[in-house]
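Everything on this sheet refers to the single structure shown next.
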Number of protein chains: 2
Amino acid sequence: MDYQQFKKMMLASRQDIFLEVIAENRENIRIKKEKTVVKNLDKIFKATLKISNQKGFQAMSMRDLCQETGISLGALYAYFPSKDDLLSMLMTQGRDAVERVLDSETLQFDDPWGKLKAFIRTHVYLSEIMRPWFYFFFMEAKNLNPSDRKKAIEGDLATEMRLESTLEEGQKLGQFEKRDIVLTAEMIKGLFANWYIKRSKFRSRNISVDQYADFMIEFMADYLGVEDQLGKVSGENM
Amino acid sequence: MDYQQFKKMMLASRQDIFLEVIAENRENIRIKKEKTVVKNLDKIFKATLKISNQKGFQAMSMRDLCQETGISLGALYAYFPSKDDLLSMLMTQGRDAVERVLDSETLQFDDPWGKLKAFIRTHVYLSEIMRPWFYFFFMEAKNLNPSDRKKAIEGDLATEMRLESTLEEGQKLGQFEKRDIVLTAEMIKGLFANWYIKRSKFRSRNISVDQYADFMIEFMADYLGVEDQLGKVSGENM
DNA sequence: GTCTATATACGGATAGAC
DNA sequence: GTCTATCCGTATATAGAC
């Protein structure tokens, strides 16, 4: 599977996230008509991500958000009780969506290398489609309230553990060379972050998503001493 | 050279940075006595980094800074004309200090692999000593005014070019295997950032600076196919 | 459901006493 | 050189008309 195919697949389930937000925040959202909520939440989230990623969530004023969405100040507060709750909603729902996709694309694999390859490719592709979200998670994590912060850290740790257990399994089966698991997992996550944080730099250097995913897979094959280095040519494992 | 030695060497030139700040901002700093300026700028910079790294520079109020430094609101403004200028001073002076150290530790090498090893080790060590600064550069880069932003980007690009030219040179001499230079350089920078951004995670996993530097060097030796993989055992090249 | 007008608090920055 | 008191703009959030 290449990026174009992945993208097509994802766009199908695009609006799910808003239905979920509505369901989870029913009492906080004063608007009754679901269709209106979906339409405006979409605007609000998009605008929030856009402005925040330029100058930070704190620096974004509600008037900025007004202007960008075309929704008045008063009306905005019908969709969330406070600016802080808007942050919370974005974070929680975004992370849930990401986790769901990663799970659905990787849990099917048995062999560690297949799983690792799928995880890398899915993560890179997903962070490309949802780049503003990933950038936002990364930059605004420190501004979360304690409760959301705790959830974020737990989610992060869960991903990390899955990565580490895949590496460990691969080592036990003799599929991977022996490497420091913690450091290797951290490195993989660092390379993921590199993609969505320095997105514009890669674009200016004409490096595509597919190239980056291939690069990471080839790189790991090399580092872990995996014999099947076909990660970049054959996509049959994903 | 290991981290302890590097640290000792660095601490000697610790106060230089403040003398430079004073020299470069003489007209903006209303205080006459140099000793007072050095003492208080130290407090102000430390406090700014501490608070900003917790909740962001924008979110830090001047009153926060008052409390943390123990210097009153009015007095603070004797050391810089505006909050924005404080940001500018921190960025400019910090970056200059970093660049100077990196230059002094790497320009002496002729062979690419020696240069690359020295660069990696110096960068990792330096980002450990100056962790709050590096974190600050990374997180606040997008909040700079256009002029400082331009300087920051230029400096960044210069580092990048040096890294890329080292890689290219190594390839030409047949010392390194052929790899995508841009991607490799970006990866190295990503791994650098990983260290100072996820510092606390590495601490909780009991991974030391030396281990991380060794890891990166070994890693690159592997990736570039360098035969001398002694980066982690023998430090004689640095 | 959406708007405009406004309450209230907090931000950066300055004045002027000591 | 440092302090306290204050100016004034802008922030979040709400009230109440339409």
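Throughout, protein chains are lettered first and strands after them, A, B, ... in sequence-line order, and every chain is numbered starting at 1.
Here A:Trp195 pairs with A:Phe202, A:Tyr212 under the ring-ring contact (aromatic ring centres under 6.0 Å, His included) rule; sequence neighbours left out. Judged as a ring-ring contact (aromatic ring centres under 6.0 Å, His included), and not counting sequence neighbours, the contacts of A:Phe80 are A:Tyr77. The side chain to side chain donor-acceptor pair (under 3.5 Å) check on A:Arg199 picks up A:Glu128, with sequence neighbours excluded.
Salt bridge A:Asp42/A:Lys46: present, at least one basic N to carboxylate O contact under 4.0 Å.
The side chain to side chain donor-acceptor pair (under 3.5 Å) pairs that include a residue from residues 26-40 of chain A are A:Asn40-A:Tyr79, where partners are two or more places apart or lie in different chains.
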Query raised in the report: What string of B, S and - do you get for nucleotides 7-14 of chain C, 5' to 3', when a contact is any protein heavy atom under 4.0 Å?
Result: ----BBBB
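Ring geometry for B:Phe57 against B:Phe136 counts as perpendicular: the plane angle is over 60°, on a 0 to 90° scale with 30° as the lower cut.
Closest approach of A:Lys142 and B:Gly56 over heavy atoms only: CE-N, 3.7 Å.
Close approach of DNA chain D to chain B, defined as any atom under 4.0 Å from a non-hydrogen atom of the protein, starts and stops at D:dG1 to D:dT6.
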